[in-house]
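Just below is one structure, and these are the notes that go with it.
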Amino acid sequence: MADDLDRYKIKQLSIFSENRPGRLMDFSKAMGEENINILAFSIAEGAGYGVIRAFVSDPEKALRRLQEHGFVVRYTDVIAIHMADKPGGLYDLTKVLKEAGINIEYAYAYRNEPGAILVIRVEDIERAISTIKASGAKLLDASSFK
Amino acid sequence: MMPKVELKSLQYKLLKNLVNKLYDQSRFYRTRMESKGVTPDDIRSLDDMAKLPFMTKKDYRENYPDKIFIAPKEDIVRYHASSGTTGKPTIVGYTRNDIDNWSESLARSITSAGLGKHDVVQVSNTYGLFTGGLGFHYAAERIGAAVVPASTGNTERQVELIQDLGVTAMACTPSYMIHVGEVAEKMGVSLKNDTKLRYGLLGAEPWSDKMRDKIYDSLGVKGINCFGASELSGPLFSECEHQQGIHFWGDFALLEIVDPKTGEPVGAGERGEMVLTMLQKEAFPLIRYRIGDLTVMDEEVCACGRTHPRITRITGRVDDMLIIRGINVFPSQVEYSLNTNPEVGNEFQIVVERKGALDTMMVRVELKPEAFTDNILELNCIRERIAHKLRSLLNVNPVIELVGPGTLPRFEGKAKRVIDRREI
């Protein structure tokens with residue numbers, strides 16, 4: 001069963017970004033040079049620094065390349081959920097999580113015809129995966145981003 | 001006014017007594033003198049004091065808390081402490097006479113600056129272990145002035161007190177003086193036109209004639225430069241009303257200027273390191289203490305007629321000490337504190353700026369890769385923990401900036417860890 005759930009764990013890159021111009025540029029340049037596609041990302045703002053969170057077409061290669069270039073980077077497991085791209089789509093999904101008592105640490109979303117994708121980070125990822133699957137919502141398989 | 005010759009003869013007498021006393025009573029000084037092959041018999045003139053060993057902050061730290069003290073414990077009536085370079089504070093003890101002499105010295109100083117019993121002195125230096133607050137407090141009381149022991153902080157209240165009590169003089173750092181002026185202005189109060197404030201007893205940080213002019217022009221306050229250090233007792237000396245350098249009362253302190261490299265005396269009017277011998281201290285004696293400030297001595301009789309030597313403005317430090325909002329900060333202290341955080345590497349950089357009138361200190365530290373987490377709250381906690389430790393050690397409030405590993409400059413020789421952008 002565990003193997004089944006692991007399919008849905010997406011290796012998001014979390015990159016420490018100090019507070020100076022050009023950090024997102026440096027990251028995207030590295031990805032471009034390695035021919036790695038950035039599929040989604042967000043930037044979280046800390047106190048005088050930031051964290052770039054992204055998932056990319058080849059996370060292993062990306063991690064290697066970034067580390068070689070001195071980035072502080074690590075994987076964080078997130079899940080990507082398919083939402084109906086219509087009013088109430090996000091509500092239906094978050095209601096399921098709320099009812100199961102699952103707290104979202106952070107989230108970001110992108111539109112991906114014909115639906116929309118919500119990326120979330122939660123503490124108990126396996127329980128979140130089971131809950132979402134049980135609700136009938138569709139989770140994206142990690143391999144679908146290759 | 002004591003003729004110069006008499007002053008010198010008094011100094012010699014006091015020095016001779018001190019050396020005899022320390023040779024007999026202080027294991028520390030006796031060992032020091034023996035290792036230099038000096039005995040009290042070798043001190044036959046004031047010039048012979050060059051034969052005596054130097055003392056540095058290091059001696060003072062290594063003998064924490066009171067191993068250099070010579071007064072019996074029951075005669076100690078007060079302790080103050082200064083921040084230390086390795087994180088350990090250094091302690092100064094006082095006998096009743098020490099407190100009296102301290103008050104007398106600063107009382108003379110502020111009298112020479114023009115203050116008297118009709119003045120109302122608001123002491124806005126910190127009260128407590130720091131010597132500034134109580135130092136000015138006792139001196140102002142001694143000249144019969146009224147004291148407003150405001151201490152630091154709550155600037156709006158300070159402005160109200162200046163107005164309501166007819167404060168005529170304020171003791172604080174020059175940058176705080178400017179800050180008080182700015183806060184007053186925001187409150188719709190002109191210190192110049194709406195208050196009786198005329199004197200600023202200013203010190204504990206480097207400042208310039210430009211700042212003095214600014215304080216006078218914008219606040220109507222005559223800035224009097226004051227000098228002291230906890231090792232010496234606290235604030236002791238100031239300029240007189242002619243403002244031609246800080247008078248060092250010769251019966252309390254013997255001033256020498258030496259070449260910081262060789263320790264040899266420099267020529268008249270030449271810049272060098274200040275070396276102080278406190279001639280009348282009982283609890284914690286000081287002979288030839290290298291305080292680390294660079295300055296020039298002027299032995300000409302002052303325009304006010306006083307024969308005591310003066311120092312012109314302090315032009316720098318022998319070591320890398322920083323003064324931030326009146327508080328001494330050594331980069332080695334910062335390093336000591338940072339090293340207690342497992343999340344950061346060994347490199348760091350201190351950036352000091354002046355925003356408005358007040359100094360700000362930022363410390364850049366490299367986050368270790370293994371300490372990086374995706375969780376912003378945890379990263380903020382790391383940052384806050386580092387800041388908190390520094391704050392409790394230094395008594396200044398630094399901003400911490402986390403940067404990536406390997407991004408701060410590396411040095412092969414002596415590291416340059418401080419960027420001081422203040423224009424003083």
Closest contact, heavy atoms only, A:V72 versus B:F372: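 Answer, listing the atom of A:V72 first, then B:F372: CG1-CB, 3.3 Å.
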
Where along residues 354-368 of chain B does a heavy atom come under 4.5 Å of chain A, listed by residue number? B:L367

Which atoms of [X] are under 4.5 Å from chain B, going by heavy atoms: the side chain, the backbone, both sets, or neither?
X	result
A:Y75	neither
A:Y49	side chain
A:Q12	side chain

Take a 6.0 Å sphere around [atom1] of [X] and say whether it holds more than 12 heavy atoms from other residues, nucleotides or ligands.
X	atom1	result
A:K98	NZ	no
B:E185	CD	no
A:E33	CD	yes
A:Y110	OH	yes
A:F41	CZ	no
A:E45	CD	no
B:E353	CD	yes
B:N346	CG	no

Got a second to check how far B:N375's CG is from A:E123's CD, nearest 0.5 Å? 9.0 Å

Check: A:R53 side chain, B:D374 main-chain N or O, donor-acceptor pair, under 3.5 Å: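 A pair under 3.5 Å: yes.
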
